[in-house]
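Values in this document were obtained by computation on a predicted structure and should not be read as measured data.
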Amino acid sequence: MTARIGIVLHHHRPEVFDLAQRAISWCTTSGVQPSLPKPDAELIGRTDAAVTDDEFGRGVDMLLSLGGDGTMLRAVQYAAPHGVPILGINAGHLGYLTEFDPGQIEEALDSWQDGSLIIEDRMLLEVSYIGSGQRPVDFALNEVVLERAQSGHTVAIDASIGGVHFTRYLADGLIVATPTGSTAYSLSAGGPIVEPNFEALLVTPVAPHMVFDRSLVLKPSTGVELTVAGYRNAAVTLDGRQVTELVPGETLVCRASNRRARFLTRGERNFHRILKDKFDLGDR
């Protein structure tokens with residue numbers, strides 16, 4: 001049976017378009033069938049390889065992410081429902097999640113084809129909704145944020161932990177993050193840095209207008225329910241994408257998912273070394 005890979009690319013980096021063409025050329029010479037989401041295929045003039053979003057994650061053996069961490073997060077949305085592993089080529093700024101540099105794309109694909117890469121699993125958040133509207137369950141690798149829908153106003157959020165009411169937050173928003181997401185938005189809001197292979201839920205308020213402004217680190221089996229209180233709506237953002245808006249009385253439910261994001265790597269990565277490099281800590 002012919003192997004198939006899906007290719008996801010950053011939409012605003014012309015150098016990534018060249019990488020995509022190199023990946024497709026590799027597929028042609030290696031007997032692998034490539035496919036791309038329709039908008040990605042149109043960007044590089046390869047509509048012959050385009051598939052719809054609904055079809056894209058199904059039946060592929062691997063997803064190739066060409067960009068930065070944001071592109072990897074997008075790839076996770078396609079891959080996670082189907083358990084497909086993701087291979088990341090870093091053409092972005094940070095690259096916490098990506099494994100290979102652009103000059104190594106053919107080497108990376110060869111390594112995948114010959115089976116020399118290993119799979120690193122990461123915890124995902126499962127996000128569901130309780131309210132008047134019907135919405136399917138969502139997944140996030142980094143975080144879900146319930147935040148103010150109107151600029152210049154705070155939002156009131158009633159938080160329950162493990163089925164027990166904890167407190168009402170008055171803030172710009174509230175973040176529920178995974179350990180992978182601990183170096184993303186949660187970190188900028190003052191949350192802790194957690195090793196990515198650890199499993200926990202991190203709850204961090206954004207600009208809280210209250211005395212209690214600390215992060216909570218919860219075991220992964222703990223459910224977190226966030227109900228919009230007061231009279232202002234709140235927006236729901238998953239991994240940087242606003243997905244819906246909740247009205248007062250509606251609830252966001254967050255818990256660790258049974259599914260995992262699966263990343264292809266050459267071996268176990270030294271998270272502390274990556275952290276030092278990204279923050280330019282050196283060897284002081």
Side-chain angles (χ1 to χ4, degrees), residues 57 73-74 76-83 121-150 154-182 184-186 189 191-192 194 196 198-208 210 212-261:
L73 293 174
R74 180 170 165 239
V76 166
Q77 296 300 316
Y78 290 118
H82 309 288
D121 286 340
R122 297 284 184 93
M123 173 184 160
L124 286 172
L125 282 175
E126 180 180 298
V127 182
S128 56
Y129 308 87
I130 301 173
S132 56
Q134 295 294 320
R135 181 173 177 84
V137 171
D138 280 318
F139 297 90
L141 174 65
N142 274 355
E143 76 277 310
V144 56
V145 186
L146 188 61
E147 59 190 340
R148 61 186 186 181
Q150 294 176 290
T154 58
V155 63
I157 301 170
D158 283 333
S160 294
I161 298 173
V164 179
H165 183 261
F166 177 66
T167 193
R168 173 171 291 188
Y169 286 91
L170 187 64
D172 284 1
L174 198 61
I175 303 168
V176 181
T178 67
T180 297
S182 71
Y185 190 14
S186 178
V194 181
F198 190 79
E199 295 210 348
L201 297 180
L202 315 178
V203 181
T204 301
V206 180
M210 53 194 294
F212 183 75
D213 61 355
R214 303 298 182 180
S215 295
L216 301 173
V217 181
L218 309 174
K219 63 183 179 181
S221 59
T222 302
V224 178
E225 296 184 2
L226 307 178
T227 300
V228 181
Y231 55 90
R232 296 191 181 104
N233 291 3
V236 179
T237 302
L238 276 71
D239 287 344
R241 302 172 298 111
Q242 184 172 327
V243 295
T244 192
E245 195 168 296
L246 302 186
V247 301
E250 294 186 320
T251 299
L252 185 71
V253 182
C254 309
R255 56 173 55 90
S257 174
N258 292 327
R259 295 177 177 173
R260 293 291 182 266

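With a 4.5 Å cut-off on side-chain heavy atoms, V176 and L226 count as touching. You'll find the side chain of V145 reaches within 4.5 Å of the side chain of Y185, heavy atoms only. Looking at heavy atoms from C-beta onward, L216 lies in side-chain contact with I161 at the 4.5 angstrom threshold.
Note that CG of L170 and OG1 of T154 are 4.0 Å apart. Values are rounded to the nearest 0.5 Å. Considering CG of L252 and CD of E250, their distance stands at 10.5 Å, rounded to 0.5 Å. Of the inter-residue distances, the one linking I157 atom CD1 with L146 atom CG reads 4.0 Å to the nearest 0.5 angstrom. Summarising the geometry, atom CZ belonging to R122 is positioned 12.0 Å from atom CZ belonging to R260; distances are rounded to the nearest 0.5 Å. Atoms CG and SG, from D138 and C254 in turn, are 10.5 Å apart once rounded to the nearest 0.5 Å. The distance from the OG atom of S182 to the CZ atom of F198 is 11.0 Å, given to the nearest 0.5 Å.
Pairs engaging residues 222-258 under the ring-ring contact (aromatic ring centres under 6.0 Å, His included) rule: none recorded [sequence neighbours left out].
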Tabulate below the donor-acceptor pairs under 3.5 Å that side-chain atoms of residues 234-249 make, not counting sequence neighbours, or state none.
{"unit_1": "T237", "atom_1": "OG1", "unit_2": "E147", "atom_2": "OE2", "d": "2.7"}
{"unit_1": "D239", "atom_1": "OD1", "unit_2": "N142", "atom_2": "N", "d": "2.8"}
{"unit_1": "D239", "atom_1": "OD1", "unit_2": "E143", "atom_2": "N", "d": "3.1"}
{"unit_1": "D239", "atom_1": "OD2", "unit_2": "L141", "atom_2": "N", "d": "2.9"}
{"unit_1": "R241", "atom_1": "NH2", "unit_2": "Q77", "atom_2": "OE1", "d": "3.3"}
{"unit_1": "E245", "atom_1": "OE2", "unit_2": "N233", "atom_2": "ND2", "d": "3.0"}

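Smallest separation of non-hydrogen atoms from L202 and P192: CD1-O, 4.2 Å. Heavy-atom minimum distance, M123 versus T178: O-CG2, 4.0 Å. Nearest heavy atoms, A200 versus P179: O-CD, 3.3 Å. Smallest separation of non-hydrogen atoms from G181 and S186: O-CB, 3.8 Å.
Under the rule for a ring pair (Phe, Tyr, Trp, His ring centres under 6.0 Å), Y129 has no partner lying at least two apart in sequence or in another chain. For T227, the side-chain contact (heavy atoms from CB on, under 4.5 Å) partners at least two apart in sequence or on another chain are D158, T251. By the ring pair (Phe, Tyr, Trp, His ring centres under 6.0 Å) test, F212 is found to be paired with F166, residues two or more places apart in sequence or in another chain being considered. Here R255 pairs with nothing under the salt bridge (Lys or Arg N to Asp or Glu O under 4.0 Å) rule; sequence neighbours left out.
No donor-acceptor distance shorter than 3.5 angstrom exists from the side chain of S257 to the backbone of E126, with no hydrogens or angles considered.
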